[in-house]
Number of protein chains: 2
Amino acid sequence: MTDTPAVGRRERKKAATRQAIADAALELFLEHGFERVSVRDVAEKADVSTTTLFAHFPAKEALVFDREAEVEAALTAAVRERPAGQDVVEALRAHALTSWVRMASDPRRDGFTALVEQTPALREYGERMWMRHAGALGAAIAAELGRETDDLACSALARFVLEIPSLATGRHHSRATVETVFDLLIHGWQSSRHGSGDRPAPAHSPKDTPRPAK
Amino acid sequence: MTDTPAVGRRERKKAATRQAIADAALELFLEHGFERVSVRDVAEKADVSTTTLFAHFPAKEALVFDREAEVEAALTAAVRERPAGQDVVEALRAHALTSWVRMASDPRRDGFTALVEQTPALREYGERMWMRHAGALGAAIAAELGRETDDLACSALARFVLEIPSLATGRHHSRATVETVFDLLIHGWQSSRHGSGDRPAPAHSPKDTPRPAK
DNA sequence: GCAGAAACTGGAATGGTTGCACTTATTGAC
DNA sequence: GTCAATAAGTGCAACCATTCCAGTTTCTGC
């Protein structure tokens, strides 16, 4: 009785419908597998028409990744509202470590993670999902640095950072992955010639034909 | 009558069929647009069944990008057969400049380029296509450097390099794009604070507190 | 209240993709 | 040459995601 918090009944119902669809989808996918469940099944279980389902989600794969909007908001917020004096890249690293690594190691998400990693269509969709945010992130970075909105270096940095989740899948130590890739981004490939690295000639090299040119 | 070059009639015919399909597809797409041509149309024009079409290409979009295999081969060859003493990254930059930039500016490809850029499904498929080579390229780099096949830095480098074509689309000076991104990759973000860039702080803060630690 | 917008519905159509049972062509071995 | 094995191709029907359409119901602002 106390609050009419500016969100009307309509909006609430819409959100509820959306949530019902996403919940139904995840449950069915987890139980039977993504490709063995049709969108009609999902719509059925959520008690809506398939038309409605597609009014809320642009594709079957999107049913699994609700939350895109929030993820992008968090991403740009991480650079825009970073602690005073903090480097943009540093802010991104911090965000990656707190948000992504934490999420990856949350046991409640194990089923979800397994589902995505075992379903090619979902892995692919997930990777593209990250890249869809590259524009927004690049623009945010550029804005912070006072460069043109489509500044190449900023766009590139955004894309590279957003490759990290994809690079991390299938690797055990996701924290170390984040750290390593950020080191590479900050200091460049040049400095990454650690111990074992970059003396292509000495060890085994029959592969150095002195002058092929072309 | 002189050569039986180890490729039998069967293989030749198969290749011919594949080519006929790709040719028919490109011609129809260029004339009517990608989405207004159905795979059945393409099959029809190439005088094969749609079943056969899908035996040669895994998806409608793939009809446009035949040549994937060659592209990947060229990519790994670029690092494997680079001039003696040349850095791996240098070899990749050279490859990018000669192969990609040249291709982008070839007027014979204008129609093709326009088709891809104007069709979201094709742009997307094209971007994913590059990333599909990341595994092979990363492995090739790792092999050259004597690291583990799935070495993180190598995988990351491969992916970052393969982002370049996508970053370059829509930008005028594709050569400059390649150069800039390689500079970023080699020397790192730290060094990319060029002239116009890095004094966004006037308003709220000097953002380089050297040690916020963690 | 009421008009208009927005959410939702049911069903049919479109079109990419796959499965199946079958024919035809090529090959390698005898 | 003959033949069996195999790969390429066929035609068709089915599947399913996605969209279109023509409504109906439900909110919202006035």
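What you see below is based on every heavy atom in this structure, not just the backbone, and it leaves out hydrogens, waters and symmetry mates. Note on naming: letters A, B, ... go to the chains in the order of the sequence lines (proteins, then strands), and numbering restarts at 1 for each one.
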* Asked: Can you check side-chain hydrogen bond (donor to acceptor under 3.5 Å, both in side chains) on B:Ser49 and B:Thr52, steps first, answer last?
  -> CA-CA 5 Å; B:Ser49 69; B:Thr52 297; 3.1 Å; yes
* Would a distance-only check, ignoring hydrogens and angles, find a side-chain to backbone donor-acceptor pair under 3.5 Å from A:Lys14 to A:His56? -> no
* Structure fact -> Per-nt protein contacts along nucleotides 23-30 of chain D (heavy atom under 4.0 Å; B base, S backbone sugar-phosphate only, - none) come out as ---BBS--
* In plain terms, say whether B:Glu144 and B:Arg82 are close enough for a salt bridge, that is, a side-chain N and a carboxylate O under 4.0 Å apart. => yes
* Asked: B:His56 side chain N/O closer than 4.0 Å to the phosphate oxygens (OP1, OP2) of D:dG9?
  -> yes
* Please examine the side chains of A:Leu115 and A:Leu26, heavy atoms only from C-beta on, and report whether any two atoms are closer than 4.5 Å. => yes
* To do: For B:Asp23 and B:Ala20, indicate whether the former's side chain and the latter's backbone hold a donor-acceptor pair under 3.5 Å.
  => no
* Structure fact -> Heavy-atom closest pair (A:Ser174 atom, A:Ala104 atom, distance to 0.1 Å) is OG-CB, 4.4 Å
* Asked: Can you check whether A:Thr51 has a side-chain N or O nearer than 4.0 Å to OP1 or OP2 of D:dC20?
  -> no
* May I ask you to decide if B:Ser105's main-chain N or O and B:Arg109's side chain share a donor-acceptor pair within less than 3.5 Å? => no
* **Presence of A:Thr17 side-chain N/O under 4.0 Å of C:dC8 phosphate oxygens OP1/OP2** => yes
* For B:Arg18 and D:dG9, give me the distance from atom CZ to atom P, rounded to whole Å. => 12 Å
* Can you check whether A:Val116's main-chain N or O pairs, donor with acceptor, with A:Thr119's side chain at less than 3.5 Å? -> no
* Check each residue of residues 31-50 of chain A for a non-hydrogen atom within less than 4.0 Å of any atom in DNA chain C, then write out the ones that pass by number, or none. => A:Asp47, A:Val48, A:Ser49
* Could you tell me whether B:Ala55 contacts a base, only the sugar-phosphate backbone, or nothing, with contacts defined as non-hydrogen atoms closer than 4.0 Å? => nothing
* Between P of D:dG11 and CG of B:Leu53, the distance in whole Å -> 14 Å
* **Distance-only donor-acceptor check, side chains A:Thr76 and A:Arg80, under 3.5 Å** => yes
* To do: Give the rounded distance in Å between these two atoms: CZ of B:Phe54 and C1' of D:dC15.
  => 13 Å
* Rounded to the nearest angstrom, tell me the gap between atom NZ in B:Lys14 and atom P in C:dT27. => 13 Å
